[in-house]
A.B. asks: 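Sending over a structure as structure tokens; questions will come in a sec.
In what follows, chains are A, B, ... by sequence order, proteins preceding strands, each numbered from 1.
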Amino acid sequence: MGLTDWFEALHMDYDGQARAEKFSRIIILLFGIVGFVWGYVIQQFSETVRILGAGFILAAVLTIPPWPIYKRKALQWQKVRPVKAAEGESSTEKKETKKKK
Amino acid sequence: MHIIQFNDGPFSIVIIRDHSHQVRMHSAFTRCHALAAYTVSVLAGLTFVCFVTTAFRDYSANADINTVTVLVRNVPDYSASREKNDMGFMIFDLKADLRPLFNWNVKQLFLYLTAEYETPSNKLNQVVIWDKIIQRGENAVLDHKNIRPKYYFWDDGNGLRGNKNVTLTLSWNVIPNAGHLPILVAKGNHRFTFPEEYTTTKM
């Protein structure tokens, strides 16, 4: 598996990862609140913990794998520029320092 | 975020300069970690609020204690000095409804029955003679008849024979999911007198 394949398999784009995190927090918090209310009603705190656990599993399934909806705004990379054969040193940074001198 | 690109010989090098700490590429592992950490934080918060909902509960209740048989012996205490000490013995009844003590922040109650009395050498003697654990979900209505003590009721001398004022009290320790562990003494106790004569026969 090449580096790009690995990247594709595990990563989202920046917008996707922000949404995934927000989404996971909403799910956990929602299950936490519902679990708390239900646990209070039946006076059983273990049910609260169990419902929170269900929220954790749901959030894990929905926000940990890089589903396609988290890959809609991929970064637009610049194209690789051709090598300038004329100059010995070709890095843009070095060029800039030379100019300053 | 800055993206700087070099074209250096046969290689093309791309440097991504990330100046903001919010903008980072997350792997699936990073997301697992963040999710687990957030879930645990929420759980800690819920546990704290659970504690708050029960922090001001009144864990007191009534208990009805009665002695059926009371006797006192004078026998050597081999576990201590081998000298003859007073050992009390009683058969007692115990009645208490502890159901109101349970709520979602109570895991179990530790009940213990204490005998309190005064002797010439000690102003206050306290001896635990019986205990019981009630876990949540178990029957919390106590209606015991003719219980024998679980632990020996030793005096550290001869203070029990003819003692006119021995008090039996039921106390409990509330063990919560989260919060403090209150110790309470039941309302209602039982006072009794030990006989003037030692019992020498076996029961």
A.B. asks: Roughly how far, to the nearest 0.5 Å, is OG1 of B:T53 from CD of A:Q43?
C.D. replies: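 So the gap between those two atoms works out to 7.5 Å.
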A.B. asks: Restricting to non-hydrogen atoms, name the atom on A:L29 and the atom on B:Y38 that form the minimum distance, rounded to 0.1 Å.
C.D. replies: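 For A:L29 and B:Y38, the tightest heavy-atom pair comes out as CD1-OH, 3.5 Å.
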A.B. asks: Would you compute the distance between atom OG1 of A:T63 and atom CG of B:L35 and round it to the nearest 0.5 angstrom?
C.D. replies: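 Going from OG1 on A:T63 over to CG on B:L35, the span is 5.0 Å.
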A.B. asks: Nearest heavy-atom pair of B:V42 and A:G32: which atoms, and what distance?
C.D. replies: CG1-CA, 4.5 Å
A.B. asks: Using every non-hydrogen atom in the two residues, find where A:F45 and B:N177 come nearest and quote the distance to one decimal.
C.D. replies: CB-ND2, 3.8 Å
A.B. asks: Can you check whether B:W104 reaches A:I42 side chain to side chain, under 4.5 Å on heavy atoms?
C.D. replies: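 Counting from C-beta outward, B:W104 and A:I42 never come under 4.5 Å.
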A.B. asks: Between A:A60, A:G55, A:G39, which has the largest tally of heavy atom pairs under 4.5 Å with chain B?
C.D. replies: A:G39
A.B. asks: Measure A:Y40 against the heavy atoms of chain B and call it side chain, backbone, both or neither at under 4.5 Å.
C.D. replies: both
A.B. asks: About how many Å separate OH of A:Y70 and CZ of B:R31, when rounded to the nearest 0.5 Å?
C.D. replies: 8.5 Å
A.B. asks: Measure distances from B:V106 to the heavy atoms of chain A and classify the residue's part below 4.5 Å as side chain, backbone, both or neither.
C.D. replies: neither
A.B. asks: Heavy-atom pairs under 4.5 Å with chain A are the metric here; pick the option from B:V49, B:N105, B:T30 that has the most.
C.D. replies: B:V49
A.B. asks: For the OH atom on B:Y151, are there more than 12 heavy atoms of other groups (residues, nucleotides or ligands in this structure) within a distance under 6.0 Å?
C.D. replies: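 Buried by this count: over 12 neighbours within 6.0 Å.
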A.B. asks: Can you tell me if NE2 on B:H144 sees more than 12 non-hydrogen neighbours from other groups inside 6.0 Å?
C.D. replies: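 Yes, NE2 of B:H144 has more than 12 neighbouring heavy atoms, counting only those of other groups under 6.0 Å.
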A.B. asks: Need one label for B:N103: side chain, backbone, both or neither, based on atoms under 4.5 Å from any heavy atom in chain A.
C.D. replies: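 Both the backbone and the side chain of B:N103 come within 4.5 Å of chain A.
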A.B. asks: Which atoms of A:E21 come close to chain B, meaning under 4.5 Å heavy atom to heavy atom: side chain ones, backbone ones, both, or neither?
C.D. replies: side chain
A.B. asks: Ignoring hydrogens, what is the shortest heavy-atom contact between A:F56 and B:T39? Give both atom names and the distance.
C.D. replies: CD1-OG1, 3.1 Å
